[in-house]
Amino acid sequence: MTERDVETWEPVIGLEIHAQLNTKSKLFSSAPNRFGDEPNMNISVICTGQPGSLPLLNQEAVKKAILFGLSIEADINLFSTFDRKSYFYPDSPRNFQITQFENPLIRNGSITAEIDGTLKRFEIEKAHIEDDAGTLRHFSQFVGIDYNRAGVPLIEIVSKPCMHSAKEAVHYAMAIRTLLLYLDVCDGNMQEGSLRFDANISVRRKGEKTLRPRSEIKNLNSFSFMQMAVEREIERQIKLYQENPSTDYLTLIPPGTYRWDQELKKVVLMRAKESVDDYRYFPEPDIVPIVLTEELLASLRDELPELPNDRLHRYINDLGLSDHLATILVYDKPLSDYFEQALKYCNHPRLLSNWLTVEFTGRLKGSGQTLLDLKIPAAHVGKLISLIEQNKVTGKIAKMIADEMIAKPEVDPEEFIKENKNFEPLDDGTEIEAIVDQVLQENPQSIQDYLSGKKRAFAFLVGEVMKMTQGRASPQIVNALIHKKLQPPIS
Amino acid sequence: MRELHRLSAVQIRDLFLSGKIKAIEIADYFLKRIEQHNPSLGAFLTILGPRALLKAELLDWKKEKKEPLGKLAGVPVGIKDNMHIEGELTTCASQFLRNYRAPFSATAVRLMEDEDALILGKLNLDEFAMGSGTENSSFFPCRNPWDLTKVPGGSSGGSSAAVAARLSLITTGTDTGGSIRQPAGFCGIVGFKPTYGRVSRFGLVAFGSSLDQIGPMTTSVEDAALTMEIIGQHCPNDATSLNLPQENYPLSKELEEGTAFGVPYHFLENLKPEIRANFDESIERFKRLGATIVDIDLDILKYSMAVYYILATAEATTNLARFDGIRYGVRSPEAKTLEEVYSFSRRDGFGREVKKRIMLGTFVLSSGYQDAYYKKAQKVRTLIIQAFEKSFEECDAILMPVAPSSAFPHNSIHDPVEMYLQDIFTIPANLAGLPAISVPSGFDSKGLPLGIQIYGPQMCDTLVMQYAYAFEQASQCIKIPPEFDGVGL
């Protein structure tokens, strides 16, 4: 979008999120809820729609959905029901999905996320539970249907069309994903399909009150794809309107479903919708309504774990982390949990946060692995920070130890120090002093430069001492010694 | 050789338990009867001879070893072919499922087998339980033992004919709009539909999920009560199963003092003369037992047909959507595309009546029509429920005929609405989830059986059974059709 476009056009985006609830068994049967097994292993007579089978509601799934609703401060419907949604497709064992159309469990609610320093609130329209379909696998001569996924519990979260840029959409999506992880109701794995995003996008001129036709992009399974796809679609729609000022909107943007093609870097039409699908929703007669009480909701509210925003607050206000690092940690829950673990072994949250997000992460950048992939125990990292805090190692030595820890993840940092004399700090003042004297003797020009006002010369001298001590001298001590020795004589 | 077919289930069980007869003799006896009579009756679709004989041997062995035996020990039982027996065919009398073997047993079946019932086979029905004469069976029709040119009723026609002809002493039927009670009435036997949710629907191929119930079809009320004691239990596999303990069905020949029966005279204004006469006779009989009769207003029931055919078909169209040729059942060999798998398999697998109801159900749920049809019907259903609640404030039970006529001839009704009107007196019980029973009340001038129907309030199954027992004992109307009562077989 050009500058002028941003002035004139307002994108309107809503996201539909399908999150698989991480219950042990499926929504309406006791078949296991697991990803990755051989086809048709995790099925029961209910999952394959055998005649004579009846659905039984998984209470744990309802509980997880309620926890989500409470965490977004939504209205939880004390009386909600299920409906049959009819459509024929081979991945549907009954050719109807059991969903909540008339009386969803959750209505309204909101979530906040920080975007470029400002806090933005995103409104949620509703959320409900429904069962997932199976998966189709295409072979050359036939299509195979795997019902392992059929019946897995889903929570479908529908936002209001309250996002106005790809960036906002992505931030909203990330915020929801993080929340789901903190609640431990979904594993958030977008590659495996446990969390799926569909975006509904339209644009209109700024100031227009009604919405123009929208297109739907399905299955955006990474945040970077989402960003690109949404931006492209916004551009595409604006261009269409700009180039065809007198064509009717529905002709320019006919109802259709799109997908993002990563190869072509384009939004591609999957299916044009000639007519609105008639799902013939009606109340599911085999399942009794979900009836909840205020007492139950109150007790579940007490069960809510620390939510991302609360953790963010705690990191910034109680632990004194910078906004920036706190956000990085909070939005990466596994790393954040790791941080909490490591914190038990040291006292400097800021220092620890820096080492986790900068030092270690930096070292692993090219390798494609994360700190957690390497399985370095959080205690080890905590200990390393503790050693720095106690001046038992210098910063520079600590970095070398970090390299060793990455190479040998099982080894305790204290072991590295024991095994390598060079890692031990020089706190013997005389040894350092001797080296300082030596450096000063060998660099008279630098001394002159410093005395004539060149601050950089001082740093050079410190650096030379550090080199000679192989980093084992505490920079503070070196600094102090050089300062003392270079005080201009009273003339 | 004892005329075992003249005994009730309780009598045969007691005979077996007392050691006076072996289970294998019982099995042999009834299997031979089936072999002889089924070709002309068409009651059984599948005869489970080897299975029954094996069970009989087991029972005899248990008896010898003095192992404990169940309440149905040695009793020959038949199962309607829309209920599962694990490993056996469940065809629902449809071409679509002609090769389908049940992956599990229905709870009701399991409960009866646990009580040592001797299951003889699967019984004929209207395809997917849709019909009132068992003429919609895709295999062969079933005939009324009282007159082979007449229908046995439907959809549980096979179950009814089998009991009437004493090929089995107890059978299970299923009742969505009258499919136990109407055939019981046509065949001169007892047919009981429990309160909705009293018997588990797990293992019953669903037709109208909010209407279906499994129930006993027997030669005596005592046998129906025995069966209900066994199958009327809470089932964790059926979320609509009532969370109530198992009940006992005490039976007395006398009515409790002050018993009042409601009769919706206005609603019953246009009965055929013979039906009216027999109905009035039954009312008199209740009066002689000491009951008072109260006139109640159930005029709203004139809408029950429309409500039923909207709601039942809506539920049925989704319940039958799973029959698509993809996972089980018969897939059309001509099909080359997905579309064709769906449309050819269903075209070939379903009969006319089933197709008609699927289309009707889809229509009443479709966008633009749902409000006027489905949603409206739901509202009227509530009115019907309320009308019954109000009536039960003035009476303990309600009396009605079972059907507008006695058994009609095969192929005589071609107008679908006329066929649907067969269920006019039975449908309301399904709409309101009430227990209802059909008890033989005499014969018409053609010698065909007639029945009286008793409705009770929800969860008053034992009460309904008790009223039926008192009537049965006082009227002694239950007979065996002479053709099937010969000595020897």
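What you see below is based on every heavy atom in this structure, not just the backbone, and it leaves out hydrogens, waters and symmetry mates. Chain naming here is simple, since letters A, B, ... match the order of the sequence lines and numbering starts at 1 in each.
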Please classify the contact of [X] with chain B as side chain, backbone, both or neither, using a heavy-atom distance under 4.5 Å.
X        : result
A:Phe96  : side chain
A:Tyr147 : side chain
A:Thr48  : both
A:Asp286 : both
A:Arg94  : both

Can you tell me if [X] and [Y] form a side-chain donor-acceptor pair at under 3.5 Å?
X        : Y        : answer
B:Ser241 : B:Ser200 : no
B:Lys80  : B:Ser155 : yes
A:Asp37  : A:Asn42  : yes
A:Ser80  : A:Gln100 : yes
B:Asp212 : B:Thr176 : yes
A:Asp91  : A:Tyr89  : no
B:Ser94  : B:Glu127 : yes

- Query: Which one of A:Pro51, A:Pro90, A:Gly49 has the most heavy-atom pairs closer than 4.5 Å to chain B?
  - Reply: A:Pro51

Against chain A, work out which of [options] has the most heavy-atom pairs shorter than 4.5 Å and name it.
options                                : answer
B:Lys375, B:Gln378, B:His84, B:Arg201  : B:Arg201
B:Ser210, B:Ser209, B:Ala206, B:Ala106 : B:Ser209
B:Thr90, B:Asn319, B:Ile326            : B:Asn319
B:Leu204, B:Thr317, B:Asn237, B:Thr318 : B:Thr318
B:Arg322, B:Gln370, B:Glu315           : B:Arg322

- Query: Of the backbone (N, CA, C, O) and the side chain (C-beta and beyond), which part of B:Tyr100 lies under 4.5 Å from a heavy atom of chain A, both, or neither?
  - Reply: side chain

- Qualifying residue, where the test is side-chain contact (heavy atoms from CB on, under 4.5 Å) with A:Asp132 and the options are A:Leu154, A:Asn33, A:Leu27, A:Leu21: A:Leu154

- Rounding to 0.5 Å, atoms CG (A:Leu57) and CG (A:Asp131) come to a distance of 10.5 Å

- Note on the structure: Taken to the nearest 0.5 Å, the spacing of B:Ser304 OG from B:Ile427 CD1 works out to 6.5 Å

- Message: A cation-pi test, strictly: NZ or CZ of B:Lys355 under 6.0 Å from the centre of the six-membered ring of B:Phe350 and no more than 45 degrees from its axis. Yes or no?
- Response: no

- Note on the structure: Contact list (residues 333-348 of chain B to chain A, heavy-atom gap under 4.5 Å, by number) returns B:Leu338, B:Tyr342, B:Arg346

- Presence of salt bridge, B:Glu113 and B:Arg110, under 4.0 angstrom: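 So B:Arg110 does not pair with B:Glu113 through a salt bridge.
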
